[in-house]
Structure formats: C-alpha cells, structure tokens
Amino acid sequence: MKLCFLVEEQYRHDGMPVEVIRQLASWGHQVDVLRPGGSLLRLTEAVQTSTHDAWVLKTVSGGPGLTLLEAAASVGLTTINNARAIRGVRDKALAAAIGLSRGLPLPATYAAALPELLGEIPESEYPIVVKPADGSSGRAVHLVSSPRRLADMLPELAGEGMLIAQPYVPNSGVDIKVYSIGDELYATERRSPLHPDHAVRERRVPLSAEIAAIAGQVGVVYGLDLYGVDVVLGPNGPVVVDVNDFPSFRQVPDAPVRLARAVLALAAGAGGATAAAQPPLGAVPAAPVTVGKTA
C-alpha cells in the first residue's frame, strides 16, 4: 500500500505516529510524510495528483493538517479518521452538541465567543470546568469554583477563542481513558488535569461492560475508527468529558503494530486495496480484547 501521513512538527519525533510509520515501512508499504506546519505545500497538486490508498492525520488541534486532510477528502481520497468526523470532535462545542443529541452521557455545555459572556452562567451550576473549544492535551483547562473566581480569570481566558463551560462532575480525581483501535478497546486510568496533586500512576485497568458500551457508542456517534474517550465516574455513573481522534494510545500493548494493522485494514476496506504485505501479528491477538481484561 501507499500511505500519506500528515504529521505536524510537535509530533515529528513522537512515538505516535513515528513507530507506526516505521512498522508499516518494515512490512514493505510506502509511507510518505507531509509536515503541513513546517513546509510550503502546493495544495492543489498534493491532493489532486495523489495516488495514496489513504491519508492519515496526526496533528495538533487547530493546526493546518486538518485542512489538508479535508482537501484530500474533497477529491475522493480515503482519510483515517474520516475528515468530517475529526472536525466534529476537535470543535468541543460541536462535539458536545452532537453527543448530547445522540444520547451520550455528556455534561450540559455552554459556549461563548468572549470569556465575559460566561458570567451569565447561573451560580447554581458552579463549580464549572472551562476550556478552549479547540483545546487538546489538557491545555488551558480550568476548574472554576465561583462567579467571582471566573471574573478574576477573565484576563487569563482572553485570547483563547471560543470557550466551553460545563458543570463539574464530582469524581475521585481519576480519569478513565479508553482507547479504540478498530474493534479493540483498552482502558487506562490516569490523574485528572483538574486534580494535579492527586497521585495516580497511569496504568491499564479492567474495562467494565458499561464503559465499553459507551466507548463503542462514541465511535458510532462521531464516525471515528481510531480514537480515545475520557470518562469520569460521577455520582450518577460514567460521564464522557472528552473525545480525541488519533490519541497517544499510551499503555496499549504493541500499539504500533495494532495501529499499523488498523490503518491497513481501514485503507483496504475503503479503497478496495490489499494489505497482502501485512505479516501475522504473532503474540498480538487478532480478536477484540475482552471486557475486563487486565494488563
């Protein structure tokens, strides 16, 4: 197969996707890497003359890579994930509207183009979590205790663009991160960015049937194949607090191999190409991981 990876400067030395690219190349596939944030691209030529079986995006939220991926999709090229699906989760205000309308357990969500507009949120909703609608990797996520505290933070929030605010879901300070690779799900726990002093070692954990069902529903609702879901266990059960396309897949065993296989399968399924050069996984099971499996 011939694949094109869009990799921004932030990820040029990152294990994801560098190890995935190396794995694919070791199996004999051609992988071209474009760096949309670090080079001048002749956009029309790049997409209109492309002979790649699929384009794969690994870029920061708000970076130029998604525009290039959408350009590829507009001329009929296969993209992983689906370009429209990526746009649907990278805009957190849009993601909340889509998820809530489809029955996902998300908090009520406010959106504001100017931080001072968040002052209209009723005091009864506090504490609230405020973050940029295009944020990623825990950037500029704030737990705000009161309207007075929000007023104090307005200069800090200025310049972040569209903001969203959600009532804080009381929890233990631990986030459950579920990674989805095709039809495989893996759960890890880690310290919540809202509780930086909470001592939690990131590790794999058993995946309950309830959270597995929610994670699977997330993929269907947003149209994603490779993604991560952040879940907190609130007083009324699991709540989805974030969805990411092509996350880090930390703690997933043999992640580069699993991701490389998934990319080939998705490209083959969409474009009718063959993944004949893909070798057996050996110790890595081809069947989905069973719910409750531990590390």
Side-chain angles (χ1 to χ4, degrees), residues 1-12 14 16-17 20-21 24 30-99 101-102 111 113 131-137 139 160-162 164 180-182 218-229 242-249 259 262-273:
M1 277 193 175
K2 184 178 180 182
L3 303 162
C4 180
F5 272 66
L6 301 173
V7 182
E8 293 204 27
E9 294 304 300
Q10 178 175 328
Y11 297 109
R12 66 181 304 165
D14 194 83
M16 294 297 162
V20 179
I21 293 170
L24 289 165
Q30 179 180 334
V31 183
D32 297 321
V33 178
L34 291 181
R35 305 193 186 281
S39 59
L40 177 67
L41 301 174
R42 189 169 180 176
L43 184 61
T44 52
E45 182 176 316
V47 298
Q48 291 179 354
T49 64
S50 172
T51 58
H52 297 94
D53 295 287
W55 287 47
V56 185
L57 177 67
K58 178 60 176 176
T59 70
V60 294
S61 184
L66 181 52
T67 297
L68 185 52
L69 194 78
E70 289 174 322
S74 73
V75 298
L77 298 173
T78 297
T79 66
I80 302 172
N81 288 285
N82 177 280
R84 187 173 181 180
I86 295 174
R87 181 69 71 181
V89 295
R90 290 203 173 183
D91 182 334
K92 296 183 188 302
L94 176 58
I98 294 171
S101 71
R102 296 286 299 277
K131 53 189 172 182
D134 67 347
S136 62
S137 302
R139 177 181 65 83
E160 289 289 357
M162 178 73 78
I164 67 167
S180 178
I181 304 177
V218 164
V220 174
V221 166
Y222 295 108
L224 295 166
D225 296 295
L226 306 176
Y227 61 94
V229 185
D242 204 9
V243 179
N244 309 108
D245 64 280
F246 211 122
S248 65
F249 297 99
L259 284 164
V263 166
L264 293 175
L266 291 167

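Quick caveat: nothing in here was measured; it's all calculated off a predicted structure.
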To the nearest 0.5 angstrom, please state how far the [atom1] atom of [X] sits from the [atom2] atom of [Y].
| X | Y | atom1 | atom2 | result |
| --- | --- | --- | --- | --- |
| Asn244 | Lys92 | CG | NZ | 5.5 Å |
| Asn81 | Ile86 | CG | CD1 | 5.0 Å |
| Ile164 | Leu94 | CD1 | CG | 11.0 Å |
| Tyr11 | Phe246 | OH | CZ | 10.5 Å |
| Lys58 | Asp245 | NZ | CG | 8.0 Å |
| Met16 | Ile21 | CE | CD1 | 11.0 Å |

[Y] and [X], any side-chain heavy atoms less than 4.5 Å apart:
| X | Y | value |
| --- | --- | --- |
| Leu224 | Val243 | yes |
| Val7 | Asp14 | no |
| Thr79 | Leu57 | no |
| Asp53 | Thr78 | no |

Ignoring hydrogens and geometry, is there a side-chain-to-backbone donor-acceptor pair from [X] to [Y] under 3.5 Å?
| X | Y | result |
| --- | --- | --- |
| Asn82 | Ala85 | yes |
| Tyr222 | Ala95 | yes |
| Tyr227 | Gly219 | yes |
| Ser101 | Ile98 | yes |
| Ser74 | Ala71 | yes |

Pair Val229-Ser180, side-chain contact (heavy atoms from CB on, under 4.5 Å): steps then yes or no: CA-CA 8 Å; Val229 185; Ser180 178; over 6 Å; no

For Asp32, all residues meeting side-chain hydrogen bond (donor to acceptor under 3.5 Å, both in side chains), sequence neighbours excluded: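 Listed in chain order: Gln30, His52.
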
side-chain hydrogen bond (donor to acceptor under 3.5 Å, both in side chains) partners of Arg102, counting only residues at least two apart: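 With neighbours one apart ignored, the set is empty.
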
Minimal non-hydrogen separation, Gly228 against Pro247, with atom names: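 Closest approach of Gly228 to Pro247: N-CG, 3.6 Å.
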
Contact summary for Glu8 and Gly65, nearest pair of heavy atoms: OE2-N, 3.3 Å

Thr49-Arg42 side chain donor-acceptor pair, cut-off 3.5 Å: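 No pair is found: no donor N or O on one side chain lies under 3.5 Å from an acceptor on the other.
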
side-chain contact (heavy atoms from CB on, under 4.5 Å) evaluation trace for Val31 with Val20: CA-CA 10 Å; Val31 183; Val20 179; over 6 Å; no

Test side-chain contact (heavy atoms from CB on, under 4.5 Å) applied to Ile80 and Asp225, step by step: CA-CA 8 Å; Ile80 302 172; Asp225 296 295; 5.6 Å; no

